[in-house]
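Atom set for the values below is all heavy atoms of this structure, side chains included, hydrogens, waters and symmetry mates excluded. Keep in mind it's a predicted model, so treat the numbers as computed, not measured.
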Amino acid sequence: MDCIFCKIINGEVRSNIVYEDDYVVAFNDLNPMAPTHILIVPKKHIATILDISDADADIIGKINLAAKKIAEKFKFEDFRLVANCGKDAGQSVFHIHYHFLAGRRFAWPPG
Ligand code: AMP
């Protein structure tokens, strides 16, 4: 499968991995939108949030736990976790991922 995140997960493409467990890997975004911009990605290939099934509930929980561990590791009490679903929402890589953004103030509502 020609998926850039699968290639990062299996080591075919290099990335700066900051966290990994049995379910997820997290690495620095190539094009950071904040001083800290980490992508939290499940090891299982799931194209979009609309493709998640009940059997994936553990994986989705592990993503949130990974965000907590990353926040603790880098000592952030304030951060944003964002997942884009579909092209119009800004999704460009069709392997689900959650953007962990920190190190500056963020506007709400988002643009
Ligand atoms: P999205 O637009 O929500 O699908 O987010 C995809 C993100 O993946 C973007 O922020 C890209 O900068 C990032 N990205 C794409 N390729 C790589 C890569 N090889 N290593 C790290 N981040 C990447």
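- Heavy atoms of other residues, nucleotides or ligands lying less than 6.0 angstrom from CD of Glu72 number more than 12.
- The closest side-chain heavy-atom distance from Pro42 to His95 is below 4.5 Å.
- Between Arg14 and Phe27, the closest side-chain pair of non-hydrogen atoms is not below 4.5 Å.
- Looking at residues two or more places apart in sequence or on another chain, you find a side-chain hydrogen bond (donor to acceptor under 3.5 Å, both in side chains) between Asp21 and Tyr19.
- Note: Ile60 CD1 to Ile52 CD1 = 3.5 Å, rounded to the nearest 0.5 Å.
- In plain terms, the two heavy atoms of Asn10 and Glu12 that are nearest each other are OD1-N, 3.0 Å.
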Which atom pairs, donor and acceptor, lie under 3.5 Å between side-chain atoms of residues 99-111 and protein residues at least two apart or in another chain?
from, atom 1, to, atom 2, distance (Å)
His99, ND1, His37, NE2, 2.8
Arg104, NE, Met33, O, 3.2
Arg104, NH2, Met33, O, 2.8

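- At distances below 3.5 Å, not a single donor-acceptor pair connects side-chain atoms of Lys68 with backbone N or O atoms of Ile63.
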Go through Phe74 and Lys69 one step at a time and tell me if the side-chain contact (heavy atoms from CB on, under 4.5 Å) criterion holds.
CA-CA 9 Å; Phe74 294 105; Lys69 287 173 187 168; over 6 Å; no
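- Placement of Ile17 and Val24 in two distinct hydrophobic clusters is found when ILVMFWY residues are connected by side-chain heavy-atom separations under 4.5 Å, directly or transitively.
- Using a 4.5 Å heavy-atom threshold, the side chains of Ile40 and Leu81 count as touching.
- Listed here is the closest heavy atom pair of His45 and Cys6: ND1-SG, 3.4 Å.
- Inter-residue side-chain proximity for Phe94 and Ile4 is flagged as unmet; no heavy-atom pair is nearer than 4.5 Å.
- Of all non-hydrogen atoms in Ile59 and Lys44, the two that sit nearest each other are CD1-CD, 3.8 Å.
- Using a 4.0 Å cut-off between charged side-chain N and carboxylate O, Asp22 and Lys43 make no salt bridge.
- Here the straight-line distance linking atom CG of Leu65 with atom CG of Asp58 works out to 10.0 Å at 0.5 Å rounding.
- Between Ile46 and Asp56 there is a side-chain heavy-atom pair separated by less than 4.5 Å.
- At least one side-chain heavy atom of Lys7 sits less than 4.5 Å from a side-chain heavy atom of Asp2.
- Grouped by direct or indirect side-chain proximity (heavy atoms under 4.5 Å, Ile/Leu/Val/Met/Phe/Trp/Tyr only), Leu30 sits alone.
- Distance check, rounded to the nearest 0.5 Å: OH of Tyr98 to CD1 of Ile70 gives 13.5 Å.
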For a side-chain contact (heavy atoms from CB on, under 4.5 Å) check, start with the C-alpha distance between Thr36 and Phe76, then their side-chain angles and the critical distance, and finish with the verdict.
CA-CA 10 Å; Thr36 295; Phe76 287 117; 3.3 Å; yes
Which is it for Ile9 and Val41 under the side-chain contact (heavy atoms from CB on, under 4.5 Å) test, yes or no, and what are the steps along the way?
CA-CA 9 Å; Ile9 290 159; Val41 181; 4.0 Å; yes
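- By the neighbour-count criterion of 12 heavy atoms within 6.0 Å, atom CG of Asp78 is sparsely surrounded, having that number or fewer from other residues, nucleotides or ligands.
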Please assess Phe5 against Ile96 for the test side-chain contact (heavy atoms from CB on, under 4.5 Å), listing each intermediate value before the final yes or no.
CA-CA 9 Å; Phe5 289 173; Ile96 61 169; over 6 Å; no
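- In this structure, Leu39 is not a member of the same hydrophobic cluster as Phe79, with clusters built from ILVMFWY side-chain heavy atoms closer than 4.5 Å.
- Of the possible polar contacts, none joining the Asn64 side chain to the Gly61 backbone as a donor-acceptor pair under 3.5 Å is found.
- Shortest non-hydrogen contact noted between Cys85 and Ala89 is O-CB, 3.3 Å.
- Side-chain heavy atoms closer than 4.5 Å link hydrophobic residues (I, L, V, M, F, W, Y) into clusters, and following such links, even through other members, never connects Val93 to Ile38.
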